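Working notes for the structure below.
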Amino acid sequence: MQNLLHNLNSEQLAAVTLPAQSALILAGAGSGKTRVLTTRIAWLIQTGQISPQSVLAVTFTNKSAKEMLTRLSAMLPINTRGMWVGTFHGLCNRLLRAHHKDAGLPQTFQILDSSDQLSFIKRLLKANNIDDEKFPPRTLMYFINGAKDKGLRAAAVDAYDDTDRKMVALYDLYDAQCQREGVVDFAELLLRTYELLSRNQPLREHYQSRFKHILVDEFQDTNDLQYKWLKLMAGNQAAVFAVGDDDQSIYAFRGANVGNMSAFEREFQVKNLIKLEQNYRSHGHILDTANALIEHNSKRLGKNLRTDAGHGELVRISESSSDIQEAQWIVEEAKNLMREGSSGSEIAILYRSNAQSRVLEHALFTAGLPYRVYGGQRYFERAEIKHAIAYMQLMDNPHNDSAFLRVVNFPTRGIGARSLEQLQDAAKQYGISLYAAVPYVSGKAGTSLGNFVKLIEGARFETHNLPLPEMVKVVLDISTLLIHYQTEKEGADRIENLEQLINAATLFVSEEGYGHAAPALAGPPSQLAASLLSAPDGIQIIDADAALPTVMSPLSAFLSHASLEAGDNQAQAGQDALQLMTVHAAKGLEFDAVFITGLEEGLFPHENSAKEETGVEEERRLMYVAITRARKRLYITFSQTRMLHGQIRYNTRSRFFDEMPEESLKWLSPKVQASWFGNKKSAWDDAPESGVNAIAQGFAKNQGGSGWRIGQGVMHAKFGEGVIVNIEGSGTNARAHINFGQFGMKLLDLSIAKLDKIGS
DNA sequence: CAACACTTACGCGGT
DNA sequence: GTAAGTGTTG
């Protein structure tokens, strides 16, 4: 036990060894949050206070769940089985599979990922003749998910106008259709579990008395439903150990509610609020920059990171004339770092939005530097994999109309739009699934559809006794997917991916403990330990623990896995590659050197954030997250011009520069009076570093005669102060694009408009 | 049903 | 700029 605790600082130690009461741990960036969480569990078990069975640990991502389990098994001699560690969605899936009857779901219910959900909604709108101009599928999806994330069914949603009322009706329709097809979306997993436990007292009491300790990671990211779910799970007995950082709350846009932290403090009567403020990651100037920036947010629980690592280097700021120059500057600087011995994988280039990656990639590619972009398409999201999965979904649950429509004519087998129209009419008429409606379609269409059904039935028959990987093999064969891609010229990669699916199944079977000989399709329950537990009132409850391998067939399990864990996204290039990703994707990661790019008004903070009151504060937290990714060296770059949506945009530097401490920054390029809002800087500063000269030349190239130049501040009688951002034509034809701030960009004829020069 | 031109939108993203 | 969706052809 000694060695479990001996490396902890006093804050961490206090957190780990708290009494069995609910506690809130405010864990700053790089303060050893995961360590505290896992050591807490290990300590509780090792000191004999609790048994592994009474632990429930919840995370948001599979990655952190996996990491937690890995660390736990390193700390504890015991098997981590019996402990429940997983994502909200993974745990809910488990509960719903075990108690599917009570939850009103078929045993083989299937999980829609976001793209499945969107196409589901499009199909729903079409089938009900809803104008998708008036009700855009995306809007409806946000509406539905937003309601579910608050724990609201259609009947409980308030609607104040006709559009809202229609949306509510569509929400209801959507739920009914999901129920008919035996599919659930991500939010439904949580909502359905919540409803199951709140309505079913014996079940609720069973789990409440089992889980004495509930631990939650990234608590600031919980939405309203997840918070309610936790309250329900906890009952009034469990100790909830919540770890989070309000300053790193960057997911409000998808329903996360930081307010849950203070609500938790209040409602769980938290006596123990512990702040982890010792940072083990970043050097002083980097932390000072982060601290000073986040100070500008109003609603904070209050926290200040400190380090023993010394001041370290200043934060380097670089300005460029264009996004291309910015990228080239970064490439040069990264090359220098690598020449000095840095490993590429320890250098991250961060950006606010994905669109920015293209220019960076181009520059890196031209320079021949290996790089890796995070956030691309994931394995299970690829079209060919989705197709293969759809065949298996149909075998497991033929009423999944989405799966049916995806592959009924892929590869093509002469079933066109007309046949499907007939089929959809029949399905609607009888209120049944497309698959079930096939016998009601007559004629030629009926024959080809019948053949498709025979194909699925045949696949099911042929594979019902096969282990999962064998089954995948047969499906790839019978579906003719492999043959189809063999005849396609660009199909080689797809074939390779499809063959990978067999490996994925093999891996899944061995990792999740589905024995090789177990029937792939749901058959008689195997002999695996089914612990039948007695509920207080004598009702027999099969605990979801042991129930998983018995209640869920390997196929159902694999299909869940495919939906819940989309797999790795493709990684380009070699081992030692520069890391490119959005700031969001960088959360939780750290690097020796970090470039934060595009620090411009409208981009970072993003222009859309100005719409909501709390928007800029979230952007600031996002910047805080970005800064705190860096260990030793931090670069922040911005550019005067940027290609966006195929058009050149003229940006001014981000307001965040004015919120960072001057004494921690080192400007590597001239601070041109870039803003009409009165930024103070205007001098050259410091010796230029690599790449700077080229940039300086870049924006010395101002155009136009007669004293007008790009960057010139002007005063207009009507629009007030502005800045010339571009000049076209010359002489009497010269016209200037002028940014007038709140009045926007104007194109004015320089020989006509009455403009006065202002500034230097 | 495939191939092509044309329109449209376009923020961050794990489950 | 580009990807995805729609409409129009052969």
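Every chain is numbered from 1 and lettered A, B, ... according to where its sequence line falls, protein lines coming before strand lines. Model, not experiment: these values are computed from the prediction.
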>> For L622(A) and T87(A), find the nucleotide of DNA chain B closest to each by heavy atoms; which residue's nucleotide sits nearer the 5' end?
In response: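 Nearer the 5' end of the strand: L622(A).
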Taking [atom1] from [X] and [atom2] from [N], how many angstroms apart are they, rounded to a whole number?
X       : N       : atom1 : atom2 : value
L559(A) : dT15(B) : CG    : C1'   : 16 Å
D217(A) : dT15(B) : CG    : P     : 12 Å
R138(A) : dA4(C)  : CZ    : P     : 11 Å
D185(A) : dG13(B) : CG    : P     : 21 Å
H584(A) : dC12(B) : NE2   : C1'   : 4 Å
D149(A) : dG14(B) : CG    : C1'   : 12 Å
H606(A) : dG13(B) : NE2   : C1'   : 14 Å
H645(A) : dT2(C)  : NE2   : C1'   : 11 Å

> Is the closest side-chain donor-acceptor distance between N145(A) and Q117(A) under 3.5 Å?
Replying inline: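 The criterion, which ignores hydrogens and geometry beyond distance, is satisfied for Q117(A) and N145(A).
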> Cut-off 3.5 Å, side chains only: do N260(A) and T222(A) have a donor facing an acceptor?
Replying inline: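 A pair is found: one side chain offers a donor N or O, the other an acceptor, under 3.5 Å apart.
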Counting only side-chain nitrogens and oxygens, does [X] get under 4.0 Å of the OP1 or OP2 atom of [N]?
X       : N       : value
R254(A) : dC12(B) : no
T582(A) : dG13(B) : yes
N223(A) : dT15(B) : no

Taking only the side-chain heavy atoms of [X] (C-beta and beyond), determine which of [options] contains the nearest atom.
X       : options                  : value
N608(A) : dA2(B), dG14(B), dG11(B) : dG11(B)
A585(A) : dA2(B), dG11(B), dG13(B) : dG13(B)
N354(A) : dG13(B), dG1(C), dC1(B)  : dG13(B)
R358(A) : dT15(B), dG11(B), dT2(C) : dT2(C)
N62(A)  : dC12(B), dA2(B), dT15(B) : dT15(B)

Using a 4.0 Å heavy-atom cut-off across all strands, classify [X] as base, sugar-phosphate, or nothing.
X       : answer
R352(A) : base
E133(A) : nothing
K122(A) : sugar-phosphate
F253(A) : base
D221(A) : nothing

> Hey, does the side-chain of E218(A) have a donor or acceptor N/O within less than 3.5 Å of a partner on the base of dG14(B)?
Replying inline: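 Counting by modelled atom types and ignoring angles, no donor-acceptor contact under 3.5 Å is found here.
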> Quick one: does S563(A) reach the base of dT15(B) with a side-chain donor-acceptor pair under 3.5 Å?
Replying inline: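 Check fails, no donor-acceptor contact within cut-off.
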Output side-chain donor-acceptor pairs under 3.5 Å for residues 125-139 of chain A, partner residues at least two apart or in another chain, one line each.
residue, atom, partner, partner atom, Å
N128(A), ND2, L124(A), O, 2.8
D131(A), OD1, E133(A), N, 2.9

> Quantified in whole Å, what is the P atom distance between nucleotide dA4(C) and nucleotide dG13(B)?
Replying inline: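 Roughly 16 Å separates the two P atoms.
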> How close do V258(A) and S249(A) get, heavy atom to heavy atom, and via which atoms?
Replying inline: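 Where V258(A) meets S249(A) most closely, the heavy atoms are CG2-OG, 3.1 Å.
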> Which atoms form the tightest heavy-atom contact between L190(A) and W229(A), and what is the distance?
Replying inline: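 Minimum heavy-atom contact is O-CD1, 3.9 Å.
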>> Check for me whether R372(A) meets the cation-pi criterion with Y374(A), that is, NZ or CZ under 6.0 Å from the six-membered ring centre and within 45 degrees of the ring axis.
In response: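 Judged by the rule, R372(A) and Y374(A) form a cation-pi pair.
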